[in-house]
Amino acid sequence: MKHKIAPSLLSADFLHLQKEVEMINQSDADWLHLDIMDGVFVPNISFGFPILEAIKPVCRKPMDVHLMIVEPQKFIPEVAAVGAYMMNVHYEACTHLHRTVAAIKEAGMQAGVTLNPHTPISLLEDILQDVDMVLLMSVNPGYGGQRFIEHSVEKTARLKEMILSKGLHTQIEVDGGVNLQTARRLLDAGADILVAGSFVFHASDPLQTIRELKNL
Ligand code: DX5
Ligand code: ZN
């Protein structure tokens, strides 16, 4: 199956969000990636549910919501209310991950579990069968435009192997430092979905950049 591209709105021009979302609508992007930060789980604050609500009537791509917050289980109703397709929670933020994953699905969304760069994939051993997607962070979450962590390529390959060895169809998304070079290597390692923030929104021609990522 052809890989998916999920531009991250974090690097968009916040003064012209409607224009940016309409650009994504017209593009070859598959999903729109939305980064919510709380200044506690990560050392930065981005935007919250009022922004997602504002985007909702304009956005025609499935919303891929990435919660970089403590206690993400508290906000399942809010994420469901904006019509999100995918809700990603961090492994490191969930004490009762199995319960949280079940609640996300009961709310009608796909469930994604996110791992920070230092978190081993072996910790997914007993939850992998219940999740729709694993989101591997290839930078430390909190900011756009950071340098890609090389180890992520090998980590992606090992996760792919783990998924195949269990006979599962769990998708792998990778987030952070994605450009045409790192994207190629991540796809070869088995990534299914690539998030790209600054590489898309800071490009001189974002539509063309998305097309190039999609055509890899
Ligand atoms: C980082 C966010 C990313 C971010 C990626 O904490 O989760 O989604 O937007 O930005 P780039 O692609 O610029 O590394
Ligand atoms: Zn993200």
Side-chain angles (χ1 to χ4, degrees), residues 3-14 17 20-21 23-24 27 29-49 51-52 55 59 61-70 72 75 79 82 84-93 109-119 132-153 155-156 171-187 191-204 206 209-210 212-214 216:
H3 63 271
K4 293 185 166 64
I5 300 299
S8 164
L9 199 71
L10 188 64
S11 291
D13 176 357
F14 286 5
L17 271 187
E20 297 282 56
V21 174
M23 181 276 289
I24 296 296
S27 77
D30 297 277
W31 297 349
L32 179 61
H33 185 83
L34 297 152
D35 291 298
I36 299 189
M37 305 178 188
D38 65 355
V40 179
F41 182 72
V42 288
N44 194 14
I45 295 177
S46 54
F47 48 77
F49 300 111
I51 296 291
L52 266 57
I55 288 169
C59 182
K61 304 280 181 178
M63 290 188 191
D64 176 34
V65 179
H66 176 194
L67 294 164
M68 285 161 273
I69 65 173
V70 296
F75 298 97
V79 180
V82 300
Y85 171 71
M86 178 74 71
M87 175 166 168
N88 296 287
V89 296
H90 269 260
Y91 179 91
E92 303 84 4
M109 296 178 285
Q110 301 267 299
V113 170
T114 310
L115 300 186
N116 275 335
H118 73 277
T119 304
D132 298 296
M133 188 177 85
V134 175
L135 170 51
L136 293 180
M137 291 308 302
S138 42
V139 297
N140 285 292
Y143 303 92
Q146 302 183 84
R147 192 205 297 209
F148 182 75
I149 296 172
E150 284 294 319
H151 182 70
S152 317
V153 176
K155 191 175 183 180
T156 301
Q171 300 280 288
I172 303 176
E173 183 174 47
V174 187
D175 182 6
V178 168
N179 56 37
L180 288 173
Q181 285 74 39
T182 54
R184 180 66 268 159
R185 294 167 61 210
L186 290 167
L187 293 172
D192 303 291
I193 304 114
L194 299 173
V195 176
S198 51
F199 187 63
V200 164
F201 284 97
H202 298 170
S204 54
T209 301
I210 294 169
E212 285 169 8
L213 284 167
K214 183 69 186 174
L216 278 173

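Just so you know, ligand 1 is whichever comes first in the structure, and atom 1 is the first atom listed for that ligand. All of these numbers come straight from a predicted model, not from anything done at the bench. Counting from 1, the numbers follow the sequence of the chain as shown.
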- Are R185 and E150 close enough for a salt bridge, meaning some N to O gap below 4.0 Å? yes
#### Entry: Polar proximity ligand 1 side, Q146 side, N/O cut 3.5 Å exclusive
no
Within 4.0 Å of some non-hydrogen atom of Y143, the atoms of ligand 1 are 1 (C), 6 (O)
Near G144 (heavy-atom distance under 4.0 Å), the atoms of ligand 1 are 10 (O), 13 (O)
So OH of Y85 and CE of M133: to nearest 0.5 Å the spacing works out to 9.0 Å
**Q.** Min N/O separation A196 to ligand 1 under 3.5 Å
**A.** no
Name every donor-acceptor pair, under 3.5 Å, that has one atom in a side chain of residues 34-41 and the other anywhere in the protein, sequence neighbours excluded.
from, atom 1, to, atom 2, distance (Å)
D35, OD1, H33, NE2, 3.0
D35, OD1, H66, ND1, 3.0
D35, OD2, S8, OG, 2.6
D38, OD1, V40, N, 2.8
D38, OD1, F41, N, 2.7
D38, OD2, V70, N, 2.9

the protein heavy atom lying closest to atom 13 (O) of ligand 1 turns out to be S198 OG, 2.5 Å
Closest to atom 9 (O) of ligand 1 among protein heavy atoms sits S8 OG, 2.7 Å
Heavy-atom nearest pair, I210 first then A29, reads CG2-N, 3.5 Å
Counting from 1 in the order shown, the ligand 1 atoms closer than 4.0 Å to a non-hydrogen atom of M68 are 6 (O), 7 (O)
Below 3.5 Å, N or O to N or O, backbone or side chain included: is there any such pair between N140 and ligand 1? no
Protein-derived N, O or S atoms sitting under 2.8 Å away from the Zn ion (ligand 2) total 4
Heavy-atom nearest pair, P117 first then P141, reads CD-CD, 4.2 Å
Quick note on ligand 1: atoms under 4.0 Å from a heavy atom of G176 include exactly 14 (O)
protein heavy-atom neighbour closest to atom 12 (O) of ligand 1 works out as G197 N, 2.8 Å
Smallest heavy-atom separation, T182 atom then G177 atom, equals OG1-O, 3.0 Å
d(I5 CD1, L32 CG) to nearest 0.5 Å is 13.0 Å
NE2 (H151) and OG (S138) are apart, to the nearest 0.5 Å, by 12.0 Å
Heavy-atom nearest pair, V178 first then F199, reads O-CB, 3.2 Å
Ranked by distance from atom 2 (C) of ligand 1, the top protein heavy atom is D35 OD1, 3.4 Å
shortest atom 14 (O) of ligand 1-to-protein heavy-atom contact is with G177 N, 2.8 Å
Heavy-atom proximity to atom 5 (C) of ligand 1, picking from L67, D175, V178, N179, points to D175
Atoms of ligand 1 under 4.0 Å from any heavy atom of H66, numbered from 1 in the order shown, are 7 (O)
For H33, the atoms of ligand 1 under 4.0 Å from one of its heavy atoms are 8 (O)
* Heteroatom proximity flag, V195 to ligand 1, N/O under 3.5 Å -> no
Residue pair L180 / T209, side-chain heavy-atom distance below 4.5 Å: no
Is there any N or O on G145 that sits under 3.5 Å from an N or O of ligand 1?
yes
Taken to the nearest 0.5 Å, the spacing of C59 SG from W31 CH2 works out to 13.0 Å
For a quick check under 3.5 Å, do N140 and N116 share a side-chain donor-acceptor pair by atom type? no
Quick note on ligand 1: atoms under 4.0 Å from a heavy atom of P141 include exactly 6 (O)
Of all heavy-atom pairs linking L67 and P72, the shortest is CD1-CB, 4.2 Å
task = Evaluate the side-chain proximity of P7 to F201: yes if any heavy-atom separation is below 4.5 Å, no if none is.
result = yes
heavy-atom search around atom 6 (O) of ligand 1 in the protein gives G142 N, 2.7 Å
Taking every heavy atom of L10 against every heavy atom of G144, the minimum-distance pair comes out as CD2-N, 3.8 Å
Counting from 1 in the order shown, the ligand 1 atoms closer than 4.0 Å to a non-hydrogen atom of M137 are 7 (O)
Next on the checklist: Whether the side chain of K4 engages the backbone of V195 through a donor-acceptor N/O pair (distance < 3.5 Å, no angle test) should be reported.
Outcome noted: no
